[in-house]
Amino acid sequence: MENNQIKPGIKEKLIPFCFCLGVFLLDQLTKALVVKYIPIYTVKASFFGDFLRIIHVRNLGAAFSIGGNLPETLRKIFLSLIPFVVLVMVVAIYFRNNEFTRFQRWMICGITGGGFGNVFDRVFRAEGVVDFIDFKFYGIFGFQRFPTFNVADSFVCVCGVLLLISFLKTVYKDKENKQE
């Protein structure tokens, strides 16, 4: 290995999975609270005027409700089974790969925890994924309000962007080292 990197052991690979589990549990806890305390299609609270709202909606589709109108069998395959298989493959690659940095491992676990949170909803909530975070988008891209989302979506997006930046930074450093 370059730069005297030590091959990560199983402990270094398992510890970030506490984050994965934490993301999954936080996602499911917040969704359970929304289901219990907020009637569907109602706003429970608004902050900063109506900039941020806590609202209870359901989403049968994926991001931006894509695929929500598919027949139920196709929806289960494309939005539950395939994402589940992809998440299992990500976990397998995660454990087989020794090149990920510590930061990249944590980000992969954040994405995985969020992914499993939404797949869990698609399998066990017939009404669809529980979404509840809603904020004003001021007409950007034609949206007056950004599509409503949840904790799992937040972790998938934030960790995904940070992981991408980390990969780009690694590629840039490798390219710089080869030029020396």
Side-chain angles (χ1 to χ4, degrees), residues 1 3 5-35 47 52-68 78-125 128-135 137 141 143 145-174:
M1 303 214 136
N3 300 333
Q5 288 180 333
I6 299 171
K7 181 178 171 180
I10 193 71
K11 180 180 174 185
E12 288 80 14
K13 291 180 180 181
L14 283 176
I15 290 174
F17 264 88
C18 294
F19 184 48
C20 178
L21 180 61
V23 168
F24 176 82
L25 293 175
L26 178 64
D27 175 61
Q28 291 303 305
L29 173 66
T30 55
K31 290 173 180 175
L33 291 171
V34 166
V35 168
F47 304 94
L52 173 65
R53 302 185 308 186
I54 305 301
I55 182 172
H56 181 179
V57 297
R58 299 296 180 103
N59 182 1
L60 290 173
F64 305 102
S65 297
I66 295 170
F78 286 113
L79 301 178
S80 299
L81 182 60
I82 292 174
F84 178 78
V85 170
V86 168
L87 287 167
V88 168
M89 288 171 46
V90 167
V91 171
I93 290 167
Y94 171 91
F95 279 104
R96 293 184 72 162
N97 185 306
N98 292 320
E99 302 301 317
F100 294 131
T101 66
R102 180 179 295 142
F103 179 79
Q104 290 167 346
R105 290 190 185 286
W106 283 87
M107 294 304 100
I108 291 167
C109 286
I111 294 166
T112 306
F116 277 120
N118 281 337
V119 167
F120 184 88
D121 270 24
R122 289 190 189 110
V123 171
F124 294 106
R125 295 185 195 269
V129 174
V130 176
D131 287 330
F132 57 92
I133 303 167
D134 174 77
F135 65 91
F137 213 52
F141 302 117
F143 294 112
R145 302 202 70 80
F146 193 79
T148 309
F149 58 98
N150 57 44
V151 170
D153 299 331
S154 300
F155 275 96
V156 168
C157 290
V158 171
C159 291
V161 167
L162 292 173
L163 182 64
L164 178 62
I165 290 168
S166 175
F167 283 149
L168 292 173
K169 186 178 172 184
T170 300
V171 167
Y172 179 75
K173 277 185 178 178
D174 287 348

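Values reported hereafter were calculated over all heavy atoms of this structure, with side chains retained and with hydrogens, waters and symmetry mates removed.
A search for salt bridge (Lys or Arg N to Asp or Glu O under 4.0 Å) contacts involving Arg53 returns Asp134, not counting sequence neighbours.
Aromatic ring orientation, Phe124 versus Phe120: tilted (interplanar angle from 30° to 60°).
Here the closest heavy-atom approach between residue Ser154 and residue Ile133 is recorded as OG-CD1, 4.4 Å. Nearest heavy atom pair, residue Val119 against residue Pro83, reads CG2-CB, 3.8 Å. The two residues Pro16 and Cys109 make their nearest non-hydrogen contact at O-CB, 3.4 Å. In plain terms, the two heavy atoms of Arg122 and Val129 that are nearest each other are CG-CG2, 3.5 Å.
Residue pairs satisfying the side-chain hydrogen bond (donor to acceptor under 3.5 Å, both in side chains) criterion with at least one member in residues 111-121, sequence neighbours excluded, are listed as follows: Gln28-Asp121, Lys31-Asn118, Lys31-Asp121, Asn118-Asn150, Asn118-Asp153, Asp121-Arg125.
Note that the CG atom of Asp131 and the CZ atom of Phe149 stand 9.0 Å from one another [nearest 0.5 Å]. The distance from atom CG of Leu21 to atom CG of Leu25, rounded to the nearest 0.5 Å, is 4.5 Å. Within the model, atoms CZ of Phe116 and CG of Asp27 stand 13.0 Å from one another, a figure rounded to the nearest 0.5 Å. Separation of atoms CZ (Phe100) and CZ (Phe167) is listed at 5.0 Å; rounding is to 0.5 Å. With rounding to the nearest 0.5 angstrom, the CG atom of Leu33 is 11.5 Å from the NE2 atom of His56. To the nearest 0.5 Å, atom CZ of residue Phe19 and atom CE of residue Met107 are 5.0 Å apart.
Side chains of Phe17 and Val91 form a contact here, defined as non-hydrogen atoms less than 4.5 Å apart. For the pair Val130 and Arg58, the minimum side-chain heavy-atom distance is below 4.5 Å. Between Glu12 and Arg102, every side-chain heavy-atom pair lies at or beyond the 4.5 Å cut-off.
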- Please walk me through it: do Val151 and Phe132 pass side chain to side chain contact (heavy atoms under 4.5 Å, CB included)? CA-CA 9 Å; Val151 170; Phe132 57 92; 3.9 Å; yes
Taking distance alone, no hydrogens or angles, what donor-acceptor pairs closer than 3.5 Å link side-chain atoms of residues 158-166 to residues at least two apart or in another chain?
residue	atom	partner	partner atom	Å
Ser166	OG	Gln104	NE2	3.0

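Environment of CZ in Phe103: crowded, with over 12 heavy atoms of neighbouring residues, nucleotides or ligands closer than 6.0 Å. Summarising the local packing, CZ of Phe84 is surrounded by 12 or fewer heavy atoms from other residues, nucleotides or ligands at distances under 6.0 Å.
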